[in-house]
Amino acid sequence: MLPYTEQSVQLMHEGSLALAQVEHDGIRMDVGYLKGAIKKTERRIARLERRLEKSEVCVEWKKAYGSKMKLGSDEQLGKVLFDRMGFKSPGKTESGQHKADESSLAKVDHPFIQDYLKVKKLKKALSTNLNGLLALTVDEYLHPTFSLHVTKTYRSSSEAPNFQNQPVRNEMLAELIRRAFVARPGNHLVELDYSGLEVNIAACYHKDPTMLEYLGDETKDMHRDCAMDLYMLEQEEVTKQIRYYGKNGFVFPEFYGDWYIDCARALWEAIDKSHLVTASGTPLREHLASKGIRRLGALVPGEKPVKGTFEYHVCKVERHFWEDRFPVYAQWRKDWFTQYQKKGWFLTKTGFICQGYMKKNEAINYPVQGSAFHCLLWSLTRLVLQELPKKKMKALIVGQIHDSIVADVPPEELDDFLALAQHVMTTLLMSIWDWIIVPLKIEADVSPIGGSWVDKKPYDLSGIAKPRVRKKWKRYEPGTPEWMSYWKAHPEDQEEMVNYTRRIK
DNA sequence: AAACAGTGCGCG
DNA sequence: AAAGCGCGCACTGTTT
């Protein structure tokens with residue numbers, strides 16, 4: 001794995017400097033809150049554990065293991081539930097233990113399970129997040145490390161703590177943990193993220209015309225369209241939640257190389273788990289029944305799905321997805337992998353070599369994942385090393401999560417900062433990398449003054465961030481002495497100029 | 001006591 | 001033919 005072009009070497013070097021600055025500045029923590037949350041969570045866990053101990057499962061557990069019994073041991077619990085108490089095993093792990101992850105245990109119909117899973121979640125939050133964060137906080141500040149030399153894909157990684165996996169999807173955990181991350185006194189905490197960055201970057205590789213149309217037209221929505229196919233709905237019947245499962249239960253998994261058997265299972269389970277209902281109020285299960293689909297299907301690899309099952313239906317949707325909707329994308333995946341097999345390596349759009357043994361899905365995903373992150377890295381670097389110091393701004397970038405930037409911004413700089421960041425992350429970035437052939441967009445979330453990471457609310461960028469257009473350089477003819485001297489005096493405009501000359505050609 | 005493998009789970 | 005990708009961290013149970 002090597003940077004291959006001069007530009008990619010520079011990206012790594014300057015990126016390292018920028019991330020070192022981010023690490024140095026650090027993010028402010030509400031230590032008082034953290035300590036209180038730890039106490040509260042410890043009490044909650046203790047309360048729940050006392051309840052667990054009264055359960056018949058625990059009685060049986062104690063009988064089997066005596067003093068060796070450990071409430072945190074999934075291996076022990078599996079043996080108690082599935083060997084001794086006769087519940088049906090959800091399957092085995094690689095080493096032959098009973099599986100005991102959340103979705104496996106959830107299939108066991110016993111009141112013990114719900115509390116056990118809740119305790120497990122809280123214990124993880126307490127040890128990894130609350131206690132972990134407190135232990136790493138120094139004088140009210142946390143300094144996560146961001147590395148560029150770790151991953152196979154040329155993404156970054158983060159450690160001590162890992163800033164990139166703090167809970168957000170689970171509302172209870174997000175509330176508990178993210179409240180500890182706060183803005184510096186008097187400031188806003190700001191998060192800027194690229195919308196659908198990996199999908200956009202993938203499109204720059206495969207250039208599927210249907211996909212380019214989806215990405216270039218705000219009124220089009222592929223996740224909604226696929227949700228319509230999957231759950232056999234009219235457009236108006238697709239709720240936000242149903243769209244969510246179309247996106248995260250099918251579209252993204254398919255892009256990354258998943259297949260209909262796993263998607264069908266997840267989509268089917270989502271119906272009950274989230275009590276999915278159409279926009280007009282019909283339970284989704286009922287709606288599917290009215291279309292003749294009442295069963296999930298066997299989901300056995302190698303066996304043909306049975307007509308009339310959900311499995312059969314999702315299989316058909318998958319075929320339609322790749323053969324009719326995105327055939328060029330499908331062809332690119334084949335060609336890209338074939339090329340890799342011939343050469344043993346490939347080059348990313350951002351100038352990095354990936355080599356070594358790769359499976360098909362890996363060879364297809366690495367270039368996209370890496371290049372997408374490099375959009376973020378270039379933007380962050382530009383802001384940290386050039387734009388913010390040049391404008392003598394006090395705003396600081398304090399973290400980064402693959403396709404988003406977390407910043408700590410004084411109120412008087414907020415609009416300037418957002419305008420600048422948007423300009424760098426979209427216009428300027430697209431002008432230096434001409435392989436970006438789709439419009440990149442960002443979204444902003446801003447906390448109230450002195451607020452925390454959970455308090456951030458969507459912030460309307462439409463009014464603010466029209467980058468100021470400089471007319472000056474348009475007067476100079478490229479190549480003339482005036483043009484050259486302006487170029488030298490304004491190196492920051494170099495990219496804009498390159499883009500300008502490219503466009504007028 | 002330290003190191004290692006296996007499992008599970010948090011994020012994009 | 002093969003069927004999601006990438007990470008870091010904590011915990012259990014075993015080996016060194």
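Quick note on labels: first sequence line is chain A, next is B, and so on, each numbered from 1.
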### Query
Has A:Thr151 got a side-chain N or O lying under 4.0 Å from the OP1 or OP2 atom of C:dC7?
no

Distance check, rounded to the nearest 0.5 Å: [X] atom [atom1] versus [Y] atom [atom2]?
X        : Y        : atom1 : atom2 : result
A:Arg178 : A:Leu173 : CZ    : CG    : 11.0 Å
A:Trp336 : A:Ile364 : CH2   : CD1   : 10.0 Å
A:His402 : A:Ser158 : NE2   : OG    : 8.0 Å
A:Gln422 : A:Lys441 : CD    : NZ    : 10.5 Å

## Note on the structure
Residue set satisfying ring pair (Phe, Tyr, Trp, His ring centres under 6.0 Å) with A:Tyr312, at least two apart, ordered chain then number -> none

### Task
Map every base of DNA chain C to its dot-bracket character, where paired means a Watson-Crick or G-U wobble contact with both distances under 3.5 Å and | marks a partner outside the strand.
....||||||||||||

Below 3.5 Å, can you tabulate the donor-acceptor pairs from side chains in residues 266-273 of chain A to any protein atom, sequence neighbours excluded?
from, atom 1, to, atom 2, distance (Å)
A:Asp272, OD1, A:Arg285, NH1, 3.2
A:Asp272, OD2, A:Arg285, NH1, 2.8

### Query
Atom CZ of A:Phe352 and atom C1' of C:dG6: how far apart are they, to the nearest Å?
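So the CZ-C1' distance, A:Phe352 to C:dG6, works out to 16 Å.
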
### Message
Going by side-chain hydrogen bond (donor to acceptor under 3.5 Å, both in side chains), A:Asp74 matches just one of A:His98, A:Lys99, A:Lys120. Which one?
### Response
A:Lys120

For the residue pair [X] and [Y], categorise the inter-ring angle as parallel (less than 30°), tilted (30 to 60°) or perpendicular (more than 60°).
X        : Y        : result
A:Tyr205 : A:Trp332 : tilted
A:Phe321 : A:Phe255 : tilted
A:His110 : A:Phe112 : perpendicular
A:Phe310 : A:Tyr231 : parallel
A:Tyr340 : A:Phe346 : perpendicular

Report, one pair per line, the protein and nucleotides 14-16 of chain C atoms (nitrogen or oxygen only) whose separation is under 3.5 Å.
none

### Query
So, does A:Glu254 use its side chain to make a donor-acceptor pair with the main chain of A:Cys263 at under 3.5 Å?
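Between the backbone of A:Cys263 and the side chain of A:Glu254 there is no qualifying donor-acceptor contact (under 3.5 Å).
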
Among [range], which ones have heavy-atom contacts with DNA chain C below 4.0 Å?
range                       : answer
residues 159-166 of chain A : A:Glu159, A:Ala160, A:Asn162, A:Asn165
residues 313-335 of chain A : none
residues 60-72 of chain A   : A:Lys70, A:Gly72
residues 97-122 of chain A  : none

Nucleotide N/O of nucleotides 3-5 of chain C paired with protein N/O under 3.5 Å:
from, atom 1, to, atom 2, distance (Å)
C:dG4, OP2, A:Asp262, OD2, 3.1
C:dC5, O4', A:Asn365, ND2, 2.9
C:dC5, O2, A:Gln369, NE2, 2.9

### Task
Could you note down all residue pairs passing side chain to side chain donor-acceptor pair (under 3.5 Å) where residues 14-24 of chain A supplies at least one of them, sequence neighbours left out?
A:Gln10-A:Glu14, A:Gln21-A:Asp25

#### Entry: First-last contacting nucleotides on DNA chain B - partner chain A, under 4.0 angstrom, heavy atom
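Result: B:dG6 to B:dG12.
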
### Message
Counting the atoms with a prime plus P, OP1 and OP2 as sugar-phosphate, which does A:Ser156 contact under 4.0 Å by heavy atoms, base, sugar-phosphate, or nothing?
### Response
nothing

### Message
For a quick check of understanding: with a heavy-atom distance under 4.0 Å over all strands, which category does A:Val168 fall into, base, sugar-phosphate or nothing?
### Response
sugar-phosphate

### Message
Quick test of your reading of the model: are A:Glu75 and A:Lys68 salt-bridged, counting only N-O distances below 4.0 Å?
### Response
no

### Query
By side-chain hydrogen bond (donor to acceptor under 3.5 Å, both in side chains), which residues pair with A:Asp403, not counting sequence neighbours?
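For A:Asp403 there are no side-chain hydrogen bond (donor to acceptor under 3.5 Å, both in side chains) partners, ignoring immediate neighbours.
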
### Query
Quick one: are the ring centres of A:His206 and A:Phe326 less than 6.0 Å apart?
no

### Task
Run the numbers on A:Phe417 and A:His188 for ring-ring contact (aromatic ring centres under 6.0 Å, His included), then give the verdict.
CA-CA 11 Å; A:Phe417 176 79; A:His188 297 281; over 10 Å; no

